[in-house]
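One structure is given below, encoded as structure tokens.
The figures here come from the full heavy-atom set of this structure, side chains too, leaving out hydrogens, waters and symmetry mates. In what follows, chains carry the letters A, B, and so on, assigned in the order in which the sequence lines appear, proteins first and then strands, with residues in each chain numbered from 1.
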Amino acid sequence: MHRWSKLFVPTLREAPADAEVASHKFLLRSGYVRQLGAGIYSYLFMGQRSINKIIAIVREEMNTIGQEFLLPGIMPSEIWEQSGRWTSMGQNMFRLQDRKGAWLCLGMTHEEVMTDIARKELRSYKQLPQIWYQIQTKYRDEPRPKAGLLRVRQFIMKDSYSFDLDAASLDESYNKHDQAYRNIFTRSGLQFVAVEADSGAMGGSQSQEFMVYTDAGEDLIASCASCGYAANMEKATSRLSAVTEMEPTGDGLPELVHTPGKAAIADVAEFFQISPASDIKTVAYMAARLSDTGKGKETVWEPVVVFLRGDHFVNETKLMGLVKAGELRPMNGEELEKYFHGPAGYLGPVGLTPVKSVNEPGLKVIADLGLENRKNMAGGANKLDYHFRNVTPGRDFSWTLLADIRNVAEGEGCPECGSPLKVAKAVEVGHIFKLGDRYTESMGARVLDPNGKEVTPIMGCYGIGIERILTASIEQNNDANGFWLPRAIAPFDVVVTVTNISDASLLAAGTEIAEKLEAAGFDVLLDDRDERAGVKFKDADLVGIPFRVNVGKKIAEGKVELVTRASALSVDLEIAELLPALVVASETK
RNA sequence: CGGGGCGUAGCGCAGCCUGGUAGCGCAUCUGCUUUGGGAGCAGAGGGCCGGGGGUUCGAAUCCCUCCGCCCCGACCA
């Protein structure tokens with residue numbers, strides 16, 4: 001049992017001005033955390049207690065499938081050079097030199113170290129599979145830390161790594177994590193969804209994110225209420241309803257039309273009296289690709305042009321994956337002139353000569369699936385103040401690749417069942433990922449298979465953001481007065497508020513009740529501060545504790561109040577009824 | 001990195017435009033009263049006005065520069 005009068009719980013009546021999202025405000029106001037720098041926070045008593053509870057859940061579930069390690073937080077550059085990530089990680093990695101001038105980095109993830117252990121120690125298929133995990137601080141020099149603990153430069157991550165002999169075995173390791181993660185997030189009291197995720201340009205076959213819906217989130221999730229389909233916007237697809245095609249004019253071939261000043265999609269659509277869905281949107285990029293020039297790898301910028309329906313938007317994550325680009329930027333005027341011979345606003349597909357494969361150097365044209373089987377569309381003529389009509393994809397222009405390259409939009413048909421999709425913001429709390437041999441191959445991890453043949457084990461990696469579980473929970477459970485956490489991750493299960501400690505009998509009764517609850521297995525905070533009742537009620541509402549017991553004047557009738565923070569419901573109970581009532585209440589939470 | 005904003009007491013802010021040596025609310029400390037939803041009265045303490053440079057008789061205020069923090073976009077637990 002802890003006595004509030006002896007603790008350091010610096011609550012704030014007002015939120016600091018630079019706190020924007022609910023969890024950030026409340027973490028500060030409740031005295032859970034204090035900020036040291038951009039994306040760098042100290043966890044105080046209450047925050048640390050909550051984090052410890054989250055870690056305990058994670059550890060317990062992970063121990064059912066894997067073995068806990070603790071790897072170094074600082075490491076030499078060599079292993080990162082071997083995996084090729086010393087350069088590809090770029091600015092996100094904190095780098096430093098030791099006194100001898102040797103380069104080191106702070107750990108932002110631990111594939112390299114785990115693989116280093118694996119390659120030095122694993123010799124036989126008989127040692128596989130392995131699942132190794134750790135709960136450890138990660139350092140990432142985020143370009144933009146924000147939203148309190150949601151996006152920071154130092155955070156605690158549970159990261160695990162599996163080593164398997166073959167794909168079937170990796171499936172098992174992956175599925176074990178899937179189940180463990182579901183257990184963890186369920187026990188943490190989060191409303192979450194598992195979604196299909198983008199695997200990134202780094203390769204890897206399958207990837208799933210665990211998301212919690214909240215407006216503070218940075219991701220967009222498309223989901224279907226009727227069949228359960230859910231995917232990150234980076235990956236989501238949809239069914240489109242048919243578009244009524246325009247009637248062809250003249251001989252039905254592309255016809256040049258004078259469209260002075262009609263540069264925007266909406267203007268063009270209005271001019272032709274068509275829906276934007278019948279206009280072809282042109283988006284021109286330069287894409288940075290790592291290219292093997294024969295003498296080492298080099299970044300080259302190549303033109304990539306996307307054509308899609310006028311009412312659709314390019315999904316740059318999908319695009320980067322398709323053309324294997326590390327970076328995209330819009331073409332500048334000079335480049336537009338070079339590849340289109342026309343100005344922005346009047347760009348179009350007719351007359352371009354795309355290369356045949358995305359691996360070929362030269363102009364790559366990606367057409368969105370929404371253009372498949374369409375006809376008689378409008379599109380820029382690559383000439384100032386002119387558009388074509390009667391443009392039929394496939395007949396009047398060709399492409400390097402026909403692919404899903406657009407963002408799905410709210411209301412479009414679910415790819416599985418056709419029901420309207422919903423799009424909502426969410427925060428990522430976990431990610432599971434099949435890596436394949438990306439690291440084991442480059443770093444030289446090999447084992448002998450049953451036939452005595454040397455093979456490369458394949459890996460999976462799996463992460464959980466510890467603080468994000470806390471943050472997401474606060475985002476899901478707050479009101480004007482503060483927040484409430486599920487008992488499993490709250491710093492205390494119950495706060496016993498003695499309304500007036502100058503009444504010695506009240507304090508004695510409160511202390512006795514607190515001790516009894518503690519003995520029954522609850523984590524109890526006794527609010528024995530010399531404050532007015534109102535102050536203590538306000539603080540209790542603020543700091544995330546799910547239950548409160550008020551010990552006040554009703555003690556004269558042998559009664560106390562049990563207040564459930566989430567519902568704000570209060571019941572008067574005989575002291576003897578309190579414990580059983582609390583047991584019931586905390587189980588239904 | 002691009003765009004926007006902000007740095008004045010622990011927290012929230014005013015003062016800056018139009019230079020004259022810093023103020024309000026909350027918090028803190030003392031005393032009395034009060035004691036179930038952030039109490040009342042009386043008194044007190046607390047500031048290199050983010051750092052450096054410049055203009056000026058004089059700078060929180062004007063100019064230059066650096067630093068920090070927040071928000072919006074490209075990245076991820």
With a 4.0 Å cut-off on heavy atoms, is E561(A) in touch with a base, just the backbone sugar-phosphate, or nothing at all?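 The answer is base, as E561(A) lies within the cut-off (heavy atoms under 4.0 Å) of a base atom.
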Would you classify A147(A) as touching base, sugar-phosphate or nothing, given that sugar-phosphate means primed atoms plus P, OP1 and OP2, and contacts are heavy atoms under 4.0 Å?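 Sugar-phosphate: the residue A147(A), judged by heavy atoms under 4.0 Å, touches backbone atoms but no base.
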Is the cationic atom of K434(A) (NZ for Lys, CZ for Arg) positioned less than 6.0 Å from the six-membered ring centroid of Y174(A) and within 45 degrees of its normal?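 Yes - K434(A) lies over the ring of Y174(A), closer than 6.0 Å to its centre and within 45° of its axis.
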Examine the base of [N] for any acceptor or donor lying under 3.5 Å from a partner atom in the side chain of [X], and report the outcome as yes or no.
X	N	result
R548(A)	rG37(B)	yes
N500(A)	rG36(B)	no
R529(A)	rG38(B)	no

How are the rings of Y181(A) and F210(A) set relative to one another: parallel (under 30°), tilted (30 to 60°) or perpendicular (over 60°)?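 Y181(A) and F210(A): tilted rings.
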For the residue pair Y462(A) and H177(A), categorise the inter-ring angle as parallel (less than 30°), tilted (30 to 60°) or perpendicular (more than 60°).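 The rings of Y462(A) and H177(A) lie parallel, inter-plane angle below 30°.
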My understanding is that a pair needs two contacts under 3.5 Å, Watson-Crick or G-U wobble. By that rule, which nucleotide pairs with rA59(B)?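 Its partner is none (no Watson-Crick or G-U wobble pair with both distances under 3.5 Å).
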May I ask you to check whether E68(A) and Y133(A) show a side-chain donor-acceptor distance below 3.5 Å?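 Yes, a side-chain donor-acceptor pair sits under 3.5 Å.
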Could you check which of rG38(B), rC71(B), rC69(B) has an atom nearest any side-chain atom of E20(A)?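 The listed nucleotide nearest to E20(A)'s side chain is rC71(B).
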Nearest to side-chain heavy atoms of R144(A), which nucleotide of rA74(B), rA39(B), rC76(B):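 Among the listed nucleotides, the one closest to the side chain of R144(A) is rA74(B).
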Atom pair distance, as rounded to whole Å: CD in E531(A) and P in rG38(B):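 Nearest whole value for this atom pair: 13 Å.
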F155(A) over rA77(B), stacked by centroid distance under 5.5 Å, angle under 30°: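 Answer is yes, a stack.
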